[in-house]
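Since the model is a prediction, treat every value here as computed from it, not as a measurement.
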Amino acid sequence: MARLTRRGLLAVIASMLVLPLTGCPRPAGSFLATDITGADYARDLRLQDPQGRWRTLSEFKGRAVLLFFGFTQCPDVCPTALARAAEVMRLLGDDAVRLQVIFVSVDPERDTPELLRDYTAAFHPSFLGLRGSLEATAATARDFKVFYRQVPTGSSYTLDHTALSYAYDPAGRLRLAIGHAASAADVTADLRRLLQAG
């Protein structure tokens, strides 16, 4: 059997150090979603809930917030995001009371307060729907770097919009941008970290 030289041994060790990198766990402190801590946008909003009360993000300090923009007649993206949020609530167990899910309508012309209330409650009774005037909706979307636009569909219209959720920590700071393809398990893991930190 050939003897392994010192140089050969070093080559084997080097190859062993390179190979596992693709399967390495994420470094401690990293999130599965995109970490946008320190972003200078999406800091607060002022919109009305279905009962006509003005609501702001700052009133939820002490809880994590998961926020999504959409509309009640959305055929796929919005119900998928809200169903994922409902599953996150289930996975969080007892910690679910420390999370507020907020759905902001980008279609205030059709999303009446009653419709918004019933829509969000169909996913989870604690989910909060918010809406504003056309002007307030546009201003809020700009502040949150959210795109939306009407797309005609014969006698009506649908909307193209940003399919992204934002997560805030219990201190009220924007921390994560969560992609539409993220799993409920991954979102739950990230929110648990935010809750533990806060």
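Between R43 and L174, the closest side-chain pair of non-hydrogen atoms is not below 4.5 Å. Between T112 and L115 the shortest side-chain heavy-atom distance falls below 4.5 Å. For the pair L47/T140, a side-chain contact is recorded, criterion being any heavy-atom separation below 4.5 Å from C-beta on.
Between A167 and L191, the closest heavy-atom pair is CB-CD2, 4.1 Å. The two residues G132 and P108 have their closest heavy-atom pair at O-CB, 3.0 Å. Looking at every heavy atom in both residues, C74 comes nearest to P79 through O-CD, 3.5 Å. Between F103 and G70, the shortest heavy-atom distance links the atoms CZ-C, 3.4 Å. Heavy-atom minimum distance, F123 versus Y119: CD1-O, 3.2 Å. Contact between A33 and A177 at its shortest, heavy atoms only, is CB-O, 3.6 Å.
Judged by the 6.0 Å and 45° rule, R173 forms no cation-pi pair with Y168.
Taking CG from D118 and CG from L116, the interatomic distance works out to 9.5 Å, rounded to the nearest 0.5 Å. Atom-to-atom distance recorded for D190:CG and L32:CG is 4.5 Å, nearest 0.5 angstrom. Atom OG1 in T158 sits 7.0 Å away from atom CG in D160 (nearest 0.5 Å). The CH2 atom of W54 lies 4.0 Å from the CD atom of Q48; values are rounded to the nearest 0.5 Å.
The backbone N or O of D107 lies less than 3.5 Å from a partner atom in the side chain of S105, making a donor-acceptor pair. No side-chain donor-acceptor contact under 3.5 Å links R98 to the backbone of P170. T120 places a side-chain N or O within 3.5 Å of a backbone atom of R117 that can act as its donor or acceptor partner.
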Query raised in the report: Given H180 and V77, is the side chain to side chain contact (heavy atoms under 4.5 Å, CB included) satisfied, shown in steps?
Result: CA-CA 8 Å; H180 182 64; V77 171; 3.8 Å; yes
Query raised in the report: Please walk me through it: do R192 and L92 pass side chain to side chain contact (heavy atoms under 4.5 Å, CB included)?
Result: CA-CA 8 Å; R192 278 195 195 284; L92 282 173; 3.8 Å; yes
Requested in this report: Check step by step if side chain to side chain contact (heavy atoms under 4.5 Å, CB included) holds for L128 and V101.
Outcome: CA-CA 6 Å; L128 178 63; V101 175; over 6 Å; no
Query raised in the report: Checking side chain to side chain contact (heavy atoms under 4.5 Å, CB included) for the pair Y166/I178: CA distance, chi angles, key distance, verdict?
Result: CA-CA 6 Å; Y166 287 125; I178 302 168; over 6 Å; no
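Side-chain atoms of Y157 and R110 include a donor-acceptor pair closer than 3.5 Å. Side chains of D35 and T37: a donor on one and an acceptor on the other come within 3.5 Å.
Aromatic ring centres of H161 and F71 lie closer together than 6.0 Å.
Annotation: salt bridge (charged side-chain N to carboxylate O under 4.0 Å, His left out) contacts involving residues 64-91, sequence neighbours excluded, comprise E87-R90.
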Side-chain donor-acceptor pairs under 3.5 Å in residues 141-148, sequence neighbours left out?
residue	atom	partner	partner atom	Å
Y148	OH	A138	N	3.4

Which donor-acceptor pairs under 3.5 Å do side chains of residues 56-67 form with protein atoms, sequence neighbours excluded?
residue	atom	partner	partner atom	Å
T56	OG1	S58	OG	3.0
S58	OG	D44	OD2	3.4
E59	OE1	R55	NE	3.3
E59	OE1	T56	N	2.9
E59	OE2	R55	NE	2.8
E59	OE2	R55	NH2	2.9
R63	NH2	Q100	OE1	3.1

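Ionic pairing of R131 and D111 is not present here: no N-O contact between side-chain nitrogen and carboxylate oxygen is shorter than 4.0 angstrom.
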